Protein chains: 2
Amino acid sequence: MSTDDTPKTLTSIEKTLSIIEALWKLDGAGVTELADHLDMSKSTAHAHLATLARNGFVVSGDDQYELGLRFVNFGEYVKRSQSLYTVTQPVVEEVAEKTGERVFCMVEQHGLATALCVAAGDRSVQTDIRVGTHSYMHCSSSGKAILAHLPHPRVEEILDRWGLKQFTENTITDRERLYDELRAGRDRGYFFNREEYRTGVTAIGVPIVDDGDVRGAVSLSGPAMRLEGDWHQRDLPSRLLSAANAIEVDLSFNR
Amino acid sequence: MSTDDTPKTLTSIEKTLSIIEALWKLDGAGVTELADHLDMSKSTAHAHLATLARNGFVVSGDDQYELGLRFVNFGEYVKRSQSLYTVTQPVVEEVAEKTGERVFCMVEQHGLATALCVAAGDRSVQTDIRVGTHSYMHCSSSGKAILAHLPHPRVEEILDRWGLKQFTENTITDRERLYDELRAGRDRGYFFNREEYRTGVTAIGVPIVDDGDVRGAVSLSGPAMRLEGDWHQRDLPSRLLSAANAIEVDLSFNR
DNA sequence: AAGCTTGTTCGATATTGTAGAACACACTGG
DNA sequence: CCAGTGTGTTCTACAATATCGAACAAGCTT
C-alpha cells in the first residue's frame, strides 16, 4: 500500500464493533451465526456478546442476541445534541405539509450523509430513509449540496474513502462530472438528484451555511414525473431556499 | 462475595464501553479528561478513541471527542424493532392530547424502565424523561406496573441488582412495602407514583399484557395537585386502561 | 521565548483475548 | 425412545496484543 493509514487500531475492540454492526444488519443473530459471519471462533463471539450483554448494550432473548435499549438512549442523545436538530425539525415538518412531499434534513459525518429529521407530506413517496440512515453523498441532493461547500481536499478525501458507487443508470460515477455538477449547483443555489439513487425518485437539495461553513442540507424528494413540471421547478427550490435561510438565521442567533 | 457472577468478561471491551458511556455523561470529553475520569493512561484512552473514531462511533471535533451519528442509526433501529413502538406511539399521543398531560410508554430491559414513546399534552409537566431515558422501576408507576406482572424471582433479581434508591421522602425503599404496593395495584388494575421520584409529580401507570407476559406499560404524569381530584382519580385510570387494552388487542393480532 | 497545557506516537512487558475441544442442553426424526 | 444434529456455554494453554510511561509535537497563555 502507498499510504499506511492504520496508525494504531485495537483489534479486539474492532471485533466488538463489528459484532454490533452485524447485530444491526442481521437484525439479531445467534452466537454461531455471528461467529462464522465474522470469521471468528464461537468462544470469542460468545465472550464479546457476554461482555456487551453484561453492560446492557445487547440483550439475549428469543433464541438470539439483539442490540439493547441503551442504543435508544445514546441515539436520542446524539440526535438532540446536534444543534441543527432542534432548529430544523419544525421547518422540515412545515415544508412537508405545505408541499405534500417527503422532506429531510441531512448532516455529514465520516463522509456520509445522515438523516437528522424526516417529515412526510400527504402524498410522499415511499423511501427506505429513516432518521439515522446514512447514505452516500455523491448520489443525493443533500449530499451534493454539502459537498459543494466543503473545502476541496475534504471532498477528495471523502470520494477516495467511499468511491462513487453506482445505484442507477443516472448515478454520477465520474469524478469530473460530479465536480461540474457541484459547480453548477453552487451557481444555481440548489442541487438535484435526478433518479441517481432510486429510479423514479428525484430530489432537490439546499445547503445550510452558517458562518461560512456548511452545517447540513435540507432536501425534498418525490416522484420524478411530479417534480419535473415547470411550476415545481420554480416553486420547490424557492420554498427550500427560504426554509434553509430561516434555519441559517436561527443558527446565527444561537451562536 | 457469595456468588461469583463474572463468568468471563473482556476487560478491554468494558473499557471501550465505559468510554462510550462517559462521552455521553460528560457530553463529550478530551483524551486526558477521559483518562483520569476512568483511571486509565492517556495512551490507552487515545487508542480506544482512535479505534472508535475510525469506525464512526465517535467523532473528534471542537477540541473534544463526541459520540458519532452512527448511534442515531442504531438507536432508531432498536426503537423501531420493538414491536410495542409502532403500536403504542399513536395511542400515547392520543391520550396526551385528550388529557393534556404527559404520557409515556415504557419497557423493561436489564432491570430498568426505558421510555419508548413520549407525548406531551398542552399543560404537561416539565420532565427530564425523553425517549431512551432509563430509570429505576421501584419509583415509577410504569415500573411498578411491570414489576407486578413479572415472575417473583425476576423481581428479586432486579431489586438485588439496582437496589431501592431513595429520590424523595415518598420513595419506597422497603422491599416488603413495595410488594404490598404491587399487590394492591394488581388488584386495582393500575399503579401510582405518588411523588416518589420527583416531589410534586404524580403518575398513574397501567401494564400492557400480551399472552400472559408483561410487554411494558403506559403511564401518565402530572402535578400532584391536579391528579388528586376526585374526577381525575376515576377518569384518568379508565382512560389509561382502555388505551392499554387497545394496545393489547393490537398486539394479539400481530402475533 | 519559556512554561503550561493539550493530543499523539513509540516500544517493551505482561496482561488478556483467542481458538479449539469438551460440555450441557434442546430439538428432531427414524 | 434414543441416536443425531444443532444450539449456547465453559475451560485451559498459548500467543497475541492491550497497556503503560516516557518522549514527542502543537497550541495556548504568560
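In what follows, chains carry the letters A, B, and so on, assigned in the order in which the sequence lines appear, proteins first and then strands, with residues in each chain numbered from 1. No experiment lies behind these values; they were computed from the predicted model shown.
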Query raised in the report: To the side chain of B/V31, which of C/dG7, C/dT18, D/dT9 is closest?
Result: C/dG7
Query - Note, B/P207 side chain near B/F191 side chain (heavy atom, < 4.5 Å) - result: yes
Report task. Kindly determine whether A/E14 and A/T9 satisfy side chain to side chain donor-acceptor pair (under 3.5 Å), including the steps that lead there. Result -> CA-CA 8 Å; A/E14 296 208 306; A/T9 182; 3.3 Å; yes
Query raised in the report: In whole angstroms, how far is the P atom of C/dT6 from the CG atom of B/L34?
Result: 12 Å
**Report entry** Whether B/H134 and B/W24 hold their rings parallel, tilted or perpendicular, with breakpoints at 30° and 60°
**Finding:** tilted
Requested in this report: Please confirm whether the backbone N or O of A/V209 pairs with a side-chain atom of A/E248, one donor and one acceptor, at under 3.5 Å?
Outcome: yes
**Report entry** Sidechain N-carboxylate O distance under 4.0 Å for B/E21, A/R70
**Finding:** yes
Requested in this report: Whenever both distances are under 3.5 Å in a Watson-Crick or G-U wobble pair, mark it; put DNA chain C into dot-bracket that way, with [ ] for crossing pairs and | when the partner is on another strand.
Outcome: |..|||.|||||||||||||||.|||||||
Report task. State plainly whether the residues B/D180 and B/R177 are in salt-bridge range, i.e. N to O under 4.0 Å. Result -> no
Query raised in the report: Just how far, in rounded Å, is C1' of C/dT18 from CG of A/D39?
Result: 14 Å
Query - Nearest-Å distance once atom P is located in both D/dT5 and D/dT9 - result: 23 Å
Requested in this report: Please report, rounded to the nearest Å, how far the C1' atom of C/dG7 is from the CD atom of B/E66.
Outcome: 16 Å
Query - Interatomic distance where CD belongs to A/Q64 and P belongs to D/dG8 [whole Å] - result: 10 Å
Query raised in the report: Side-chain N or O of A/T32 less than 4.0 angstrom from OP1 or OP2 on D/dG8?
Result: yes
Query raised in the report: Between atom CG in B/D63 and atom P in C/dT5, what is the gap in whole Å?
Result: 16 Å
Query raised in the report: Under the criterion side chain to side chain contact (heavy atoms under 4.5 Å, CB included), which of A/V59, A/L52, A/V31 is the partner of A/Y65?
Result: A/V31
Query raised in the report: Quick one: is D/dT9 close enough that its OP1 or OP2 comes under 4.0 Å of any side-chain N or O from A/Y65?
Result: yes
Query raised in the report: Looking at residues 41-52 of chain A, who's got a heavy atom less than 4.0 Å off DNA chain D?
Result: A/K42, A/S43, A/H46
**Report entry** Whole-Å gap separating C1' (D/dT19) and CG (B/L38)
**Finding:** 15 Å
Query - Separation of C/dG17 P from A/L10 CG (nearest whole Å) - result: 11 Å
Query - Output field: ring centroids A/F57/A/F74 closer than 6.0 Å - result: yes
Requested in this report: Count the heavy atoms belonging to other residues, nucleotides or ligands that lie under 6.0 Å from CG of A/D187, then report whether that count exceeds 12.
Outcome: yes
Report task. Assign each of B/S12 and A/E33 to its nearest nucleotide of DNA chain D by heavy atoms, then name whichever residue's nucleotide is nearer the 5' end. Result -> A/E33
Between the protein and nucleotides 11-15 of chain C, which nitrogen or oxygen pairs come in under 3.5 angstrom?
none

Report task. Specify the separation, in whole Å, of atom CG of B/D36 and atom C1' of D/dG21. Result -> 15 Å
**Report entry** Atom CG of A/D62 with >12 non-hydrogen neighbours under 6.0 angstrom
**Finding:** no
